[in-house]
Structure formats: C-alpha cells, structure tokens
Amino acid sequence: MFSATTLPRSKPHPDVYLHALSALTANPARTLALEDSTLGMRAALAAGIACVVCPDTSNPSASLDHTGAALGVDSLVQLNYNTLAGLMD
C-alpha cells in the first residue's frame, strides 16, 4: 500500500502515483486508477494514468468533476473486466 503521508506532497500532486508506478515497475499506459475525488483524479492524470471516477457514496453531496477522466460511473457495480480493459486499448 502506498500513501501520500510518506511523501512530501499529497494529491493533487502525482507523487503517490509516481511512487507506486516506480515501486511496482508498472507502465502508466497499462494502469488504471479508481478515484472518488477530483483531487485524486487530477493526481492520477498528472502521473499519466487513466482514471475511472466514482463518487464516494458516504458523501453524496460532494461535487465531483469528471473532466479528463476515462470514465465516470455512479457505482462500482457498473464496472466489469471488459469495460476496464477497453480503457487501456
């Protein structure tokens, strides 16, 4: 698990995503982020990672801007393997 609490900057800076990519030797073009916040989405995008945005159901009044997201959904149950794999093609 990676956390911005161990890095100098938190979201919307991409540091936590860049750290995870490096530690896992992952290719950002073959990685997806699932985010429930605009700041998190911005961090993922700044790291070159496609992002799926789903609102935090415990805070339904929070404003969520999906601009730039690969996909915005109302619930994670809307996602399946084919949908997610298609975002990386």
For the student: nearest non-hydrogen atoms of [X] and [Y], plus distance:
| X | Y | result |
| --- | --- | --- |
| Ala44 | Ala33 | CB-CB, 3.6 Å |
| Glu35 | Met41 | CG-N, 3.7 Å |
| Leu87 | Ala70 | CD2-O, 4.0 Å |
| Val53 | Ala69 | CG2-CB, 3.6 Å |
| Pro28 | Ala47 | CB-O, 3.8 Å |

Gap between atom [atom2] of [Y] and atom [atom1] of [X] - 0.5 Å precision:
| X | Y | atom1 | atom2 | value |
| --- | --- | --- | --- | --- |
| Leu18 | Phe2 | CG | CZ | 12.0 Å |
| Thr6 | His19 | OG1 | NE2 | 5.5 Å |
| Leu34 | Leu84 | CG | CG | 7.0 Å |

Identify whether [X] and [Y] are in the same connected component of the hydrophobic contact network (ILVMFWY, side-chain heavy atoms under 4.5 Å).
| X | Y | answer |
| --- | --- | --- |
| Leu39 | Ile49 | no |
| Leu24 | Val16 | yes |
| Leu32 | Val73 | yes |

Asn27 backbone acceptor or donor facing Thr31 side chain under 3.5 Å: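 Indeed, once roles are kept as given, a pair shorter than 3.5 Å links the two residues.
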Short side-chain to backbone donor-acceptor contact, Ser37 and Gly40, under 3.5 Å: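 Checked: pair present.
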Side chains of Leu71 and Leu79 in contact at under 4.5 Å (non-hydrogen atoms):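 In short, these two side chains touch, coming nearer than 4.5 Å.
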Working for side-chain contact (heavy atoms from CB on, under 4.5 Å), residues Leu64 and Thr38: CA-CA 6 Å; Leu64 190 57; Thr38 302; 3.7 Å; yes
